[in-house]
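I have placed the structure first, in the form of structure tokens, so that the comments after it can refer back to it.
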Amino acid sequence: DAALVVVPYYNKPPQRGIYQHFRQVAEQSDFSVFVYNVPGRTVASIDVDTLQRLSEIPQIIGIKEATGKVDLLKEMKSKTRKNFIYLSGDDGTYVEFLKAGGQGVISVASHVIPKAMRNWTDWANRSEWHKSVEDSLKYNKLMELLFVEANPIPVKKALQKMGFILTAELRLPLVEMDADLAKMLFSEMKDCGVLT
């Protein structure tokens with residue numbers, strides 16, 4: 001339904017290059033485009049003024065914002081078109097993101113705790129923030145452990161332990177989760193009720 005296009009990595013482009021990159025993708029594609037801002041992986045980050053210009057391109061319909069900086073969302077929302085879609089890409093700040101006006105998430109943790117994350121969203125949509133905040137706190141340590149090594153290493157190990165996939169093998173240079181870290185992850189999954 002849409003293309004999730006990451007801010008260009010490695011080259012460290014200036015903002016005008018980032019703008020041109022996304023403009024070209026939108027003009028050359030039959031898909032709607034979501035900008036994916038994840039500077040922890042790409043080094044480059046999209047700034048608010050560049051996003052404002054990109055939001056004027058009808059085919060660019062939203063952003064997956066993965067900086068974890070919730071205040072940045074407020075500034076972005078003040079400068080982009082009204083129907084621009086804001087999705088979180090940072091599981092640990094998802095409830096705060098919703099509170100700041102975000103609309104959803106493209107998530108790692110939702111593979112492990114889908115019902116909980118859906119509940120947080122539903123409660124937020126009904127302005128029952130106390131429920132979202134209180135419930136999300138139970139999963140703080142699990143969230144940390146799902147990112148203790150590069151994604152998708154921990155989540156694949158969790159899904160294997162849950163019986164959803166047969167192997168947690170990955171393509172190099174990624175490798176399976178460290179055994180000691182996996183034990184910590186499984187222990188926390190039991191404490192959270194994910195595993196019995």
Side-chain angles (χ1 to χ4, degrees), residues 1-7 18 22 25-26 29-42 45-48 50-147 150-152 154-156 158-159 162 164 192-194:
D1 295 331
L4 181 62
V5 182
V6 73
V7 171
I18 291 172
F22 283 106
V25 169
S29 175
D30 293 330
F31 290 102
S32 296
V33 175
F34 276 90
V35 174
Y36 183 10
N37 192 35
V38 58
R41 288 200 179 240
T42 65
S45 184
I46 193 164
D47 71 25
V48 176
T50 302
L51 186 65
Q52 178 182 14
R53 291 177 61 210
L54 289 171
S55 77
E56 295 165 3
I57 300 170
Q59 204 156 342
I60 298 177
I61 63 170
I63 185 169
K64 177 182 177 183
E65 175 47 40
T67 63
K69 298 176 183 173
V70 177
D71 288 342
L72 185 60
L73 171 65
K74 294 174 185 174
E75 187 179 354
M76 287 176 168
K77 284 191 66 103
S78 74
K79 293 191 173 184
T80 54
R81 69 177 188 259
K82 199 170 196 121
N83 65 343
F84 204 67
I85 300 166
Y86 286 89
L87 302 176
S88 174
D90 184 64
D91 290 343
T93 59
Y94 178 49
V95 171
E96 294 172 59
F97 185 87
L98 288 171
K99 210 169 192 178
Q103 293 138 302
V105 64
I106 299 176
S107 167
V108 173
S110 64
H111 295 285
V112 179
I113 53 168
K115 186 173 171 81
M117 293 191 77
R118 178 57 196 242
N119 286 341
W120 304 342
T121 307
D122 290 344
W123 291 326
N125 288 335
R126 294 192 303 262
S127 297
E128 298 179 78
W129 297 109
H130 63 287
K131 289 183 180 179
S132 293
V133 171
E134 187 178 307
D135 194 63
S136 68
L137 292 174
K138 296 189 286 191
Y139 298 98
N140 280 350
K141 188 168 181 184
L142 178 63
M143 295 280 191
E144 288 174 23
L145 289 166
L146 285 172
F147 294 94
N151 178 46
V155 74
K156 284 196 81 171
L159 291 172
M162 294 168 76
F164 288 115
C192 291
V194 175

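All values below were derived from every heavy atom in this structure, side-chain atoms included, with hydrogens, water molecules and symmetry-related copies excluded. Just so we're clear, the structure is a prediction, and the values are computed from it rather than from any experiment. Numbers for residues simply follow the sequence, beginning at 1.
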Treating [X] as the side-chain partner and [Y] as the backbone partner, does any N or O pair qualify as donor plus acceptor under 3.5 Å?
X: Gln59; Y: Ser29; result: yes
X: Lys64; Y: Leu4; result: no
X: Gln103; Y: Tyr86; result: yes

Is the shortest side-chain heavy-atom distance between [X] and [Y] below 4.5 Å?
X: Met117; Y: Val95; value: no
X: Val33; Y: Leu54; value: no
X: Asp1; Y: Ser32; value: no
X: Tyr139; Y: Cys192; value: yes
X: Phe147; Y: Val155; value: no
X: Val6; Y: Arg41; value: no
X: Ile60; Y: Ser55; value: no
X: Val194; Y: Met162; value: yes

Checklist entry - Does atom NZ of Lys141 have more than 12 heavy-atom neighbours from other groups under 6.0 Å away? => result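 Atom NZ in Lys141 is not crowded, with 12 or fewer foreign heavy atoms closer than 6.0 Å.
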Item to check | Glu134, CD: over 12 other non-hydrogen atoms inside 6.0 angstrom | outcome: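 Atom CD in Glu134 is not crowded, with 12 or fewer foreign heavy atoms closer than 6.0 Å.
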Rounded distance [0.5 Å steps], [atom1] in [X] versus [atom2] in [Y]:
X: Glu96; Y: Ser132; atom1: CD; atom2: OG; result: 12.0 Å
X: Phe97; Y: Asp91; atom1: CZ; atom2: CG; result: 11.5 Å
X: Lys99; Y: Trp129; atom1: NZ; atom2: CH2; result: 7.0 Å
X: Asp90; Y: Ile106; atom1: CG; atom2: CD1; result: 13.0 Å
X: Ile63; Y: Leu87; atom1: CD1; atom2: CG; result: 9.5 Å
X: Asp71; Y: Leu73; atom1: CG; atom2: CG; result: 9.0 Å

Residue pair [X] / [Y]: nearest heavy atoms and the distance that separates them:
X: Ile57; Y: Ala26; value: CG2-CB, 4.0 Å
X: Leu98; Y: Thr121; value: CD1-CA, 3.9 Å
X: Met76; Y: Glu65; value: CE-OE1, 3.5 Å
X: Gly104; Y: Tyr94; value: O-CE1, 3.3 Å

Checklist entry - Can we say Asp122 and Arg118 salt-bridge, meaning some charged N sits less than 4.0 Å from an Asp/Glu carboxylate O? => result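 The answer is yes: the pair qualifies as a salt bridge.
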Item to check | Phe34 and Tyr36: CA distance, side-chain angles, deciding distance, ring-ring contact (aromatic ring centres under 6.0 Å, His included) verdict | outcome: CA-CA 6 Å; Phe34 276 90; Tyr36 183 10; over 10 Å; no
Next on the checklist: Using the rule side chain to side chain contact (heavy atoms under 4.5 Å, CB included), only one of Val105, Asn125, Ile113 pairs with Trp120; which is it?
Outcome noted: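 When side chain to side chain contact (heavy atoms under 4.5 Å, CB included) is applied between Trp120 and each of Val105, Asn125, Ile113, only Ile113 qualifies.
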Item to check | Worked check of side chain to side chain contact (heavy atoms under 4.5 Å, CB included) between Thr50 and Phe22 | outcome: CA-CA 10 Å; Thr50 302; Phe22 283 106; over 6 Å; no
